[in-house]
Amino acid sequence: MFNIMETQVKTYRIATIPGDGIGKEVVPAGQRVLEAIAARNDAFNFEFENFDWGGDFYREHGAMMPADGLDAIRNKDAILFGSTGDPHIPDHVTLWGLRLKICQGFDQYANVRPTRILPGIDAPLKRCGPKDLDWVIVRENSEGEYSGVGGRAHQGHPIEVATDVSMMTRAGVERILRFAFRLAQSRPRKLLTVITKSNAQRHAMVMWDEIALEVSKEFPDVEWDKELVDAATARMVNRPATLDTIVATNLHADILSDLAAALAGSLGIAPTANLDPERRYPSMFEPIHGSAFDIMGKGLANPVGTFWSVVMMLEHLGETGAARQLMNAIERITADPALHTGDLGGTATTAQVTDAVCAILAAEPAAQFKAA
Ligand code: NAD
Ligand code: MN
């Protein structure tokens, strides 16, 4: 018999923050894909609230977001973010005024960046098959080189001085390493590479190595090794199959993950999750690319990085079936060169790729009611 108790529809409240540049093109595309998923699924829905923060907001109000902006999104289930960066505003103002304000305000200390070579993508490593590159980079996302500590004095004078202090705390290092070991443990190969620069940076990076050894004892089934960050770049290119889960500092992993994205074919494909693993605050999902000034406003941006970020959002919300459905749809469209955008050597537009993903999702059999 039809049981009303079993038909409770869950509503996820999603904040959308397109930000600047192509963020304004790919975030609406991501929202359309979420709507297409909800339309085929009776178990859950999305309620979107859009926030027009970014460069235009700055020109009008003198700040990238309102002073109490975090309170407006604090109770959301997740945040879908585009990009921050405006050709007429200094990058450190846009970045610190919006994206880092959210990451730090909500203590999203684990930045997770999966990289794979998707079907149909022409990746630059000719000696490497698609199966040889399947990584997840875990980036410390709350402190280190991007702690914001430092200052400038005597600006413009010959004695000018400037510092960016890299701060590493035992608590911060321990929690990101524990997160990385746990993630490595959840993946089939159970393999973790801890990346530092503990030969030249002889204080904080040595502490990383020590804490890695301590935390590793909690994960006896995880195989792990250490690599210096410069050597790691060469290993990513020459021996990609020896890597699986990777953990590194804020700066190192920032750079390594752009390299990873390029090795997998394009910056336009790569996704990110900024997670609060303790779920005290909403987590934020975004493509790793920036505002792409050279193509913004033309409808040419590759939305796949945003779609893959939406997959990560669905996984975080516990909707693993829908996440799988969307990932399958993404892989079907990357396999078709007619649906490649300019960054992949094709001529498809953002709208064409989005339409194609939505059409695949619409053709999926409707999901059954889930028990509440
Ligand atoms: P970018 O990622 O914006 O662009 C680099 C190159 O990749 C450009 O040629 C661009 O056209 C191309 N590209 C990027 N994403 C693409 C996509 N989805 N489809 C097709 N092509 C794509 O990096 P940048 O040029 O160094 O930075 C531009 C601005 O973005 C700067 O203001 C920077 O601070 C900002 N930025 C923001 C974030 C963020 O908000 N997370 C990240 C990186 C850069
Ligand atoms: Mn970056």
Side-chain angles (χ1 to χ4, degrees), residues 16-30 33 51 53-56 58 64-65 79-104 108 111-113 115 118 121 124 137-141 144-146 248-274 284-310 330 333-334 339-354 357:
T16 52
I17 309 177
D20 302 315
I22 60 168
K24 291 180 185 165
E25 299 162 52
V26 293
V27 166
V33 160
F51 296 87
W53 303 339
D56 294 335
Y58 182 92
M64 293 291 287
M65 65 188 278
I79 303 162
L80 181 62
F81 189 84
S83 165
T84 179
D86 184 292
H88 308 294
I89 307 170
D91 284 343
H92 66 275
V93 172
T94 53
L95 189 66
W96 279 95
L98 186 55
R99 187 175 166 275
L100 290 182
K101 214 166 185 171
I102 298 170
C103 288
Q104 301 207 339
Q108 295 162 343
N111 182 280
V112 180
R113 301 182 158 192
T115 309
L118 298 185
I121 302 296
I137 298 181
V138 176
R139 167 180 172 188
E140 201 297 315
N141 209 30
E145 306 88 344
Y146 298 174
T249 69
N250 213 331
L251 170 66
H252 292 166
D254 186 3
I255 298 166
L256 293 179
S257 56
D258 272 33
L259 172 60
L263 293 177
S266 171
L267 212 53
I269 291 176
T272 307
N274 300 282
M284 181 159 75
F285 302 82
E286 53 168 349
I288 91 165
H289 64 73
S291 301
F293 303 145
D294 49 340
I295 57 164
M296 65 181 182
K298 297 181 179 160
L300 299 176
N302 190 345
V304 167
T306 303
F307 297 162
W308 195 345
S309 305
V310 167
I330 290 171
I333 62 114
T334 61
L339 290 169
H340 285 184
T341 44
D343 55 313
L344 297 173
T347 56
T349 63
T350 313
Q352 285 167 338
V353 178
T354 309
V357 170

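These figures come from a predicted structure and were not determined experimentally. By convention here, the first residue in the shown sequence is residue 1. Both ligands and their constituent atoms are indexed starting at 1 by order of listing.
Counting only distance, with no hydrogens or angles, the side chain of H340 and the backbone of T347 share no donor-acceptor pair below 3.5 Å. Of the possible polar contacts, none joining the N302 side chain to the T341 backbone as a donor-acceptor pair under 3.5 Å is found. Under a 3.5 Å cut-off, the side chain of T350 and the backbone N or O of A301 do form a donor-acceptor pair. E25 places a side-chain N or O within 3.5 Å of a backbone atom of G299 that can act as its donor or acceptor partner.
The protein residues lying under 4.0 angstrom from ligand 1, judged by non-hydrogen atoms, are I22, S83, T84, G85, D91, R99, L267, G268, E286, I288, H289, G290, S291, A292, F293, D294, I295, A301, N302, D343.
A side-chain hydrogen bond (donor to acceptor under 3.5 Å, both in side chains) with E286 is found for exactly one of N111, N274, T84, T272, namely N274.
Contact of the D20 side chain with the M64 side chain is registered, since non-hydrogen atoms from C-beta on lie closer than 4.5 Å.
In terms of distance to the Mn ion (ligand 2), the nearest N, O or S atom of D254 is named OD1.
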